[in-house]
Protein chains: 2
Amino acid sequence: MKGNSVFKRCYNHCLDRLAQMAPGAGLPSESELAQRLEVSRTTVRAVLAALAERGIVRAAAGRREVLRLPAAADYFPDPQTMSAVASVERRFMDWILQGDFRAGQLLNTAELARQFGTSTTTIREHLAQFQHLGLLERRPNSAWLFKGVTTEFATEIYDVREMFELRATRSFIELPADSGPWQELDAIEADHHALLANMDTDYPRFPRLDERFHHMIHASAQNRFILDFYDTVSTLFHYTYRWNKTDEKQRNTTALLEHLDYIEALRSRDPRAIDARCRKHLRTSRATLLRSIAVGPFRIDAISSPGAQS
Amino acid sequence: MKGNSVFKRCYNHCLDRLAQMAPGAGLPSESELAQRLEVSRTTVRAVLAALAERGIVRAAAGRREVLRLPAAADYFPDPQTMSAVASVERRFMDWILQGDFRAGQLLNTAELARQFGTSTTTIREHLAQFQHLGLLERRPNSAWLFKGVTTEFATEIYDVREMFELRATRSFIELPADSGPWQELDAIEADHHALLANMDTDYPRFPRLDERFHHMIHASAQNRFILDFYDTVSTLFHYTYRWNKTDEKQRNTTALLEHLDYIEALRSRDPRAIDARCRKHLRTSRATLLRSIAVGPFRIDAISSPGAQS
DNA sequence: AACCTGTTTTTAATGTAAAAAAGACAGAGG
DNA sequence: CCTCTGTCTTTTTTACATTAAAAACAGGTT
């Protein structure tokens with residue numbers, strides 16, 4: 001009745017650690033493992049029992065040791081390590097971005113539960129999430145309305161995002177130059193240069209770096225609503241990145257360069273320059289999102305009206 | 001297994017209508033009633049059956065007529081007409097505002113379900129709502145953390161609200177003077193004068209008018225995130241209004257006058273003047289919220305640090 | 001005492017079931 | 001042909017049950 005994804009994820013995580021140990025080596029205590037893997041000792045015990053069962057460790061009394069190194073076949077397949085909730089989120093996003101749903105369509109929970117192989121409870125919980133993303137509308141005692149990933153949606157998101165990010169930069173430049181966020185900025189900038197130097201092979205690493213940069217900026221506003229908003233839309237971006245692969249390397253290169261300009265402006269602490277660079281980057285980013293939307297099937301009409309971006 | 005609050009609310013609503021009819025008069029068709037009462041015909045039928053059972057209407061074939069006028073005893077008691085969800089929201093808010101919870105406290109669903117007399121399912125659904133209000137934080141596979149109605153909370157809310165409301169006024173003054181929102185503004189202003197003239201008796205009507213005014217402003221931004229944010233925090237305000245009654249008449253009078261200044265600025269369509277008046281009003285409003293917080297038990301410390309309002 | 005592990009108790013995640021409300025269908029009457 | 005009502009079907013809401021995971025407890029070893 002409850003998935004054991006925590007167990008499976010922990011098991012795999014454990015195998016990763018064992019792979020770096022020599023056979024015959026002793027294992028840390030249960031409590032220590034629990035702390036490192038960020039799960040309860042109960043889960044650790046279950047994992048250790050499973051490892052013993054598979055002959056990877058031996059559960060000798062008082063002392064546990066590695067019997068053999070784990071092979072690829074020992075791992076649980078990746079999809080199973082996702083919690084039911086995360087799994088639904090991903091599949092739902094894929095559906096939306098692939099155009100399986102159309103704007104104005106009514107969704108019913110039983111149907112979705114069947115499609116996604118979970119219960120209505122889990123579906124409901126997630127529909128509520130998407131409601132806050134502005135993609136769904138709840139009709140009490142009735143079905144859910146899919147409002148569509150339209151140009152209006154993108155425009156509304158970016159309007160708010162621009163307000164929030166500009167506000168966050170104001171807080172950021174107030175911070176002392178030796179504070180944590182500024183050190184983080186140094187590290188982020190270095191990573192930008194490193195990525196740029198190996199762009200041909202490493203460009204898929206950009207989204208994570210992008211997320212890290214903007215998250216840091218938003219976090220410095222010290223405002224839960226600003227940060228929550230960013231985190232929410234950032235999962236949306238995550239899925240659009242995953243799905244729209246056209247021109248990826250070129251787009252990422254452009255964004256990296258814009259980030260560097262933006263960072264330079266932040267160092268100048270000149271609000272005017274910051275506003276200009278930040279706005280420029282967000283305009284590009286918004287255009288990317290709009291293009292992702294336009295590329296999707298059934299969506300060509302969504303950008304047909306000229307000037308809709310204004 | 002499912003409460004019948006829709007039925008009860010509809011039943012009461014129906015009695016209100018019958019009270020304005022003469023005995024012996026005929027009733028509209030089921031479909032028509034359903035449309036007017038905004039429920040399904042199924043519910044209307046159930047209500048009509050119950051009314052017949054109680055001898056208030058007669059279900060003669062082909063024609064239905066009023067037998068007697070409803071009395072106060074015929075109504076379902078008000079609390080029962082609230083959906084379980086709305087009921088939990090209210091009780092939870094009361095708990096929070098009365099200081100039954102303290103910042104940093106862990107909540108567990110089973111306990112709350114017991115306290116509120118519902119199931120864990122309903123509780124969970126509502127905890128998720130409050131998470132978006134920024135009052136709770138979810139610890140996966142663990143309890144929920146109550147973050148407290150603190151001065152930081154009020155500051156963060158009002159920072160965002162100010163950004164949003166100012167942005168909304170920009171959209172508002174772009175609208176043509178004969179558009180719906182401007183006509184609504186005329187009506188709202190008239191209601192302000194009317195309320196001001198009968199302040200001694202009517203001051204409790206202010207919160208609803210306040211809600212209507214700010215909602216209209218926010219709506220003209222045509223941005224779902226801005227409007228959703230306002231609607232969410234506005235329920236919070238609703239409960240603080242309900243609970244903090246000190247100086248109520250005085251506070252409402254001040255707010256009304258500030259609204260009128262604000263409206264005057266809107267008519268001038270001068271951004272500078274609008275910013276000044278809007279900010280002034282929001283500062284007052286924030287101070288009111290902060291005072292509500294401070295008055296609550298266990299909360300005195302929340303405003304003890306001078307300059308926290310800055 | 002501090003720590004480690006075996007056991008027991010709580011609690012959150014999530015599937016299932018039943019009732020209420022919505023919606024679809026169909027015959028009857030104007 | 002349209003509307004109105006009686007019947008049947010779907011779907012949402014909500015309580016409850018069950019399992020995974022966490023937390024508390026307790027005895028044992030150094």
Side-chain angles (χ1 to χ4, degrees), chain A residues 1-10 27-34 37-49 59 61-64 83-88 106-114 117-127 138-144, chain B residues 1-10 27-34 37-49 59-64 83-88 106-114 117-128 138-144:
Chain A
M1 304 246 153
K2 181 186 176 183
N4 56 350
S5 62
V6 173
F7 165 75
K8 287 174 179 167
R9 193 164 46 246
C10 182
L27 280 95
S29 77
E30 291 176 357
S31 335
E32 202 177 330
L33 275 171
L37 299 168
E38 295 178 303
V39 292
S40 73
R41 201 163 65 80
T42 307
T43 303
V44 168
R45 294 189 112 245
V47 167
L48 288 173
R63 177 177 161 78
R64 250 182 299 270
S83 79
V85 166
S87 161
V88 167
L106 293 175
L107 312 174
N108 76 4
T109 53
E111 170 79 2
L112 289 174
R114 203 174 51 71
T118 50
S119 75
T120 56
T121 311
T122 307
I123 294 291
R124 274 175 71 81
E125 187 141 335
H126 246 268
L127 292 181
R138 183 184 202 156
R139 302 287 175 85
N141 287 317
S142 180
W144 294 73
Chain B
M1 303 249 154
K2 180 187 178 184
N4 55 350
S5 62
V6 174
F7 165 76
K8 286 174 179 165
R9 193 164 45 245
C10 182
L27 281 93
S29 77
E30 289 176 357
S31 334
E32 202 176 328
L33 276 172
L37 299 168
E38 296 177 304
V39 292
S40 74
R41 201 162 65 80
T42 305
T43 303
V44 168
R45 291 188 115 247
V47 167
L48 288 173
R63 177 175 162 78
R64 249 184 300 270
S83 77
V85 166
S87 160
V88 167
L106 292 175
L107 313 174
N108 74 6
T109 53
E111 170 79 4
L112 289 174
R114 203 174 51 72
T118 51
S119 75
T120 56
T121 312
T122 306
I123 294 290
R124 276 174 67 82
E125 187 141 336
H126 248 267
L127 292 181
R138 183 185 202 156
R139 301 286 174 86
N141 286 317
S142 180
W144 293 74

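Naming convention: chains lettered A, B, ... in sequence-line order (proteins, then strands); numbering from 1 in each chain.
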Using modelled atom types and a 3.5 Å cut-off, is there a donor and acceptor pairing between side-chain atoms of A/N108 and backbone atoms of A/E111?
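Here the side-chain-to-backbone pair exists.
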Distance check needed: [N] [atom2] versus [X] [atom1], whole Å only.
X	N	atom1	atom2	value
B/F7	C/dA22	CZ	C1'	16 Å
B/R45	C/dA20	CZ	P	16 Å
B/L106	D/dA23	CG	C1'	12 Å
B/E30	D/dG6	CD	C1'	8 Å
B/R41	C/dA20	CZ	P	19 Å
B/R114	C/dT10	CZ	P	13 Å
B/L27	D/dC4	CG	P	13 Å
A/R139	D/dT11	CZ	C1'	15 Å

Base [N] paired with [X] side chain (donor-acceptor, <3.5 Å):
X	N	answer
A/K2	C/dA13	no
B/T42	C/dA22	yes
B/S31	D/dT3	no

Is any side-chain nitrogen or oxygen of [X] closer than 4.0 Å to OP1 or OP2 of [N]?
X	N	answer
B/T43	C/dA20	no
A/N141	D/dT12	no
A/R124	D/dT13	yes
A/S40	D/dA22	yes
A/T109	D/dT12	yes
B/R64	D/dT5	yes
A/T120	C/dG15	no
B/T122	D/dA15	yes

If you check the [X] side chain, which of [options] turns out closest?
X	options	result
A/N108	D/dT11, D/dA15, C/dG15	D/dT11
B/M1	C/dA21, D/dT19, D/dT14	D/dT14
A/S29	D/dA22, C/dG6, C/dC4	C/dC4

Any side-chain heavy atom of B/L112 sitting closer than 4.5 Å to one from B/L127?
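Of all side-chain heavy-atom pairs linking B/L127 with B/L112, at least one is under 4.5 Å.
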Under a 4.5 Å cut-off applied to non-hydrogen side-chain atoms, are B/L48 and B/L27 in contact?
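Answer yes - side chains close enough.
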For A/R45, give me all partners under side-chain contact (heavy atoms from CB on, under 4.5 Å), at least two apart in sequence or on another chain.
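In terms of side-chain contact (heavy atoms from CB on, under 4.5 Å), with neighbours along the sequence ignored, A/R45 is linked to A/E30, A/R41.
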Taking all non-hydrogen atoms of both residues, which atom of A/T109 and which atom of A/W144 are closest, and how far apart?
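Result for this residue pair: CG2-NE1, 4.2 Å.
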Taking all atoms of both residues into account, what is the closest heavy-atom pair of A/C10 and A/V39, and its distance?
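Nearest heavy atoms, A/C10 then A/V39: SG-CG2, 3.8 Å.
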When we call it a touch if two heavy atoms are under 4.0 Å apart, what does [X] touch: a base, just sugar-phosphate, or nothing?
X	result
A/L112	nothing
A/T121	base
A/L48	nothing
A/R138	sugar-phosphate

CA sep, side-chain torsions, deciding dist, call: B/R138, A/E125, salt bridge (Lys or Arg N to Asp or Glu O under 4.0 Å)
CA-CA 14 Å; B/R138 183 185 202 156; A/E125 187 141 335; 2.9 Å; yes
For B/S5 and for A/V6, locate the closest nucleotide of DNA chain D by heavy-atom distance; then report the residue assigned to the nucleotide nearer the 5' terminus.
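Its nearest nucleotide being more 5', the pick is B/S5.
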For A/A46 and B/E125, find the nucleotide of DNA chain D closest to each by heavy atoms; which residue's nucleotide sits nearer the 5' end?
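Going by which nucleotide is closer to the 5' end, it is B/E125.
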Starting at the 5' end of DNA chain C, which residue's closest nucleotide do you reach first, B/G3 or A/S142?
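Looking at DNA chain C, the more 5' nearest nucleotide goes with B/G3.
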